[in-house]
Structures are given as structure tokens and as C-alpha cells.
Amino acid sequence: MGYRDVAKVGLGGPVGSGKTALVKRLVPELVAEGYEVGVIANDIMTQEDADVFRESFADLLPADLVEGVETGACPHTGIREDPSMNLAAIDEFTERHPELDVVLVESGGDNLAATFNPELADYFLFIISVAEGEDIPRKRGPGVTQADLLVVNKTDLAPHVDADLEVIEADAGEVRGEDPFVFTNCKDGTGVDEVLAHVEREVLFA
Amino acid sequence: MSTDADAFLSALRLSDSFLPVGSYTASYGLEQYINEDRIEDGEDLRALIAAYLRRLVGPCETVAVANAHAASADGDLEGLLAVDERLHAVTMPAEFRESSTKAGAKLCELLLAETDGDEHSSTLAEAIEDGSTPGHYPVVFGVVAQHRGLSRLEACLAHAYSFVTGLLGAAQRLGRFGHTEIQAALEDLQSVIESVCERHLEDDIAAMTSFAPLAEIMGMRHERAGRRLFMS
Ligand SMILES: Nc1nc2c(ncn2[C@@H]2O[C@H](COP(=O)(O)OP(=O)(O)OP(=O)(O)O)[C@@H](O)[C@H]2O)c(=O)[nH]1
Ligand SMILES: [Mg+2]
């Protein structure tokens, strides 16, 4: 057993876009459907995200299926050029839990160019937030264009930051071509089902 | 005189992406290949970089490194300037010239102007600084390598190797390639690096020329690309 034997889903995106919030929404759903789930957080400076997960998932996941991996101030290196330490953490998960179905890997908050190494993530979600500006999709960052699924989060904040969801939708459609994108509000859970449906269809049933 | 250990460490230093000369900003047209969906997988990437080696790095840059190394060993300033001029003339896309001269200026600042300081290299450094010669990276590289005791072949190998890892790194940031796939490409390309360097090691500067029309067209189209993460 090793990292090649388990499905891996990467979640990338800029700082504060809602990656942790989305993982917190997805894990209970996956567990409810009977999947055995592991979670890795690559925080830039601290184990803060890993601690948040340990606390939120205390009743859902064994403590040894939640891990923080430091990336030496280079979050994109950890998920792209050299994912060794993340893969090592996944190897430890699979050794201890041979029945593991899926691992969610949250990248440290990064820039629009951050993409996942295909050997670390079978499926890669890029999470942006409407509050970062409605022009993010049309900047065509590799994260936005290459992700398997683009998630546009914090739709509830659109009216407060003068972001027009129709503009974002049109731009996302244009830069993504045939590839899917989903609007979410992780605060109340809107759209999370749709994200889950994509992940299940593309990763877990694949 | 350098000891062998010194030369070996210098070779590592000169071919390491840790060397702060901005090479991570150059893709030599690779970004355009990827933007135009011309590279599908690791095999395409390997084949493309092998072609860069055979048709551009070998017949142009390796010849420049080798001749700069030889001119430096002879203390031949005119020879160095002639290599630089010729390389400038045969490097078609403006962005390739720009990436190369910017990195050349940085390497000059870092290792040639300050620390190496014999007569022909200080004069070369001044000529680069005041803009009277373009100061291409392979030329400065050849001189610095010669000063630090690398043989001509070692200088060419170190230069070609760093070109390859630079392009593989760019590909990894632009497309979706796994790290083991990238390492497998590097492993395969090692023998191409060797044969290309050996083949062009003794070429005269008059033979310096490139034949890589598609790479050059990609480099030129990149100047007007809508999305640009790289300087070339
Ligand atoms: N209003 C609103 N707030 C949200 C939403 N999703 C996340 N947030 C809040 O946004 C802040 C950042 O969310 P996180 O999930 O920590 O973001 P992150 O992407 O994990 O951040 P880093 O890991 O630090 O890069 C938190 O205060 C969340 O509660 C949303 O859909 N709507
Ligand atoms: Mg987070």
C-alpha cells in the first residue's frame, strides 16, 4: 500500500479563498457516504489549518488521518515540483489505514499560478473567492484554467464587494471552455453538493 | 590554480537553479508551445527539449560557451567580443536575446565583475556594463567556467544541463507534468546533452548557427501572447 493506491484530491487557491472551509464541508459528506477519508493541510507558516481540521473532525476521523505538512515557505513547490513530503504523509496514512478511500490535500494559500502535480492529485480543485475581485477568472492563471474543477466561493459576499456574478460566470465559462466550474457559499453550504458530485463522479467512481 | 574539487563545486554552482540570474523567468518559447497545445505529454516534452538541444543549444550556445572558454584561456578579448557578437546575430527571437543578455549581465555582476578580475574579464565586464557588447549568458558562462577551472567540455555540459533543467522546470509550472515524469525526461536527455556537447565542442565561431524555425516562431509569437508567465 502506498500513495498510488488511494484517490487523491488537491485543493489549491489564493490565501483565504475558502479551501479550509470547503474541506470542512466536504469531509462530513464523504464520511456519511461511507468513505474512509484522510486530510492533509500544507499551511504556509503554522499547523493552524491542520489543528482546525483535527478539532473539526475529532468525531469523524481518526486523529492519525489528519496531518499538517510544512512546505518551507514554498507552498507551490510542495504541491508541484517536489511533492515528496506530501506523498510521504499519504504513504503513512495508507500504511496505518489500508482501507483508506480518499485523501484531501489542502495547499498553502498561494497565487493564481499554483497547480497540482498530477502524481499528487488525481483531481484538482482550484478555489477562488468573489471577494478577491471579479476579474480573477479572466486573468487566466494556470490554477484557474487547468484545475479539474474551478470553485468560485463566497458568493454571499458579491453584493458587498461590487462583484458581478454574471461577469464571473461569463469569464469563467470563456477561460475554462468545456471544463466545469461551480459557485459556492461555504458559509451556508450552497453549491457544496455540486462540488461533491463532481468529486465522486470523477474520482471515486472513476 | 583551481583544484579539481574547486572546479567540481563551481560546476555544481553554475548549473544550479539556486544561482540568482533569473533563468526561472525564461521559457525560450516553451510557454507558447504549451499555450498552443502543442505539447500533450512527457514524451512530447522530452522530444521537444531534445530538438532544442540538437538544433539550438548545441549549434549556437554550446559553440558560444566553448569558444568563450577558449578565448578566455588565451586572454583574447577580441575573441570574446566576436563570440558575443556572433551569438547575438544568430539568436533570432528578440525575447531569446533579451533573456540571454539579462541573465548574462546578472552573472557578470555576480561572478565576473567582482571576483574574477583579470584583465580581459574586467574589460569584458565593463563592456557589458556600458552596453558596448550584448553580454550573452553563454559567453559570460564560458569565461566564468574557465576561470574556475572547468574544462571546455565541462563548461558546455554544465551550461546545457542548466538549460534543460530550466526548460523542464518551466514546463512543470506551465503544464501538468508529474515530478517522476520530469525526472524520467531528464534521465533520457542526459545522453543527448553529452552527445550534443561533444559534437559541437570544437566548432569554430563561424559555424555558429541555429536551425529551429518552429521554436523561433514560438518565441516570436510569445511577444504578443495574451497570457505570459515567462519573459520569453
Ligand atoms: N462569507 C463567507 N465567508 C467564507 C466563505 N468561505 C470561507 N469564508 C471565510 O473566509 C475566511 C477564510 O476561509 P478559509 O477556509 O480559512 O480560507 P483558506 O483558503 O483555507 O485560507 P488559507 O489556508 O489561509 O489560505 C474564514 O473566515 C472563513 O470563515 C463563504 O463562502 N462566505
Ligand atoms: Mg486553509
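Note that the coordinates shown come from a computational prediction; the quantities given were computed from them, not determined experimentally.
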So which residues of residues 20-49 of chain B are in contact with chain A at a heavy-atom cut-off of under 4.5 Å? none
Please determine whether the number of non-hydrogen atoms from other residues, nucleotides or ligands lying under 6.0 Å from atom CZ of A:Phe181 exceeds 12. yes
When only heavy atoms count and the cut-off is under 4.5 Å, which of residues 169-191 of chain B reach chain A? B:Gln172, B:Arg173, B:Leu174, B:Gly175, B:Arg176, B:Phe177, B:Gly178, B:His179, B:Thr180, B:Glu181
Around atom CE of B:Met220, are there more than 12 heavy atoms from other residues, nucleotides or ligands closer than 6.0 Å? yes
Check whether A:Leu87 gets within reach of chain B through its side chain, its backbone, both or neither, counting any heavy atom under 4.5 Å. side chain
Would you mind checking which part of A:Thr145 comes under 4.5 Å of any heavy atom in chain B, side chain (CB onward), backbone (N, CA, C, O), both or neither? side chain
CZ of A:Arg96: more than 12 outside heavy atoms within 6.0 angstrom? yes
Heavy-atom neighbours of B:Glu223 CD exceed 12 at 6.0 Å: yes
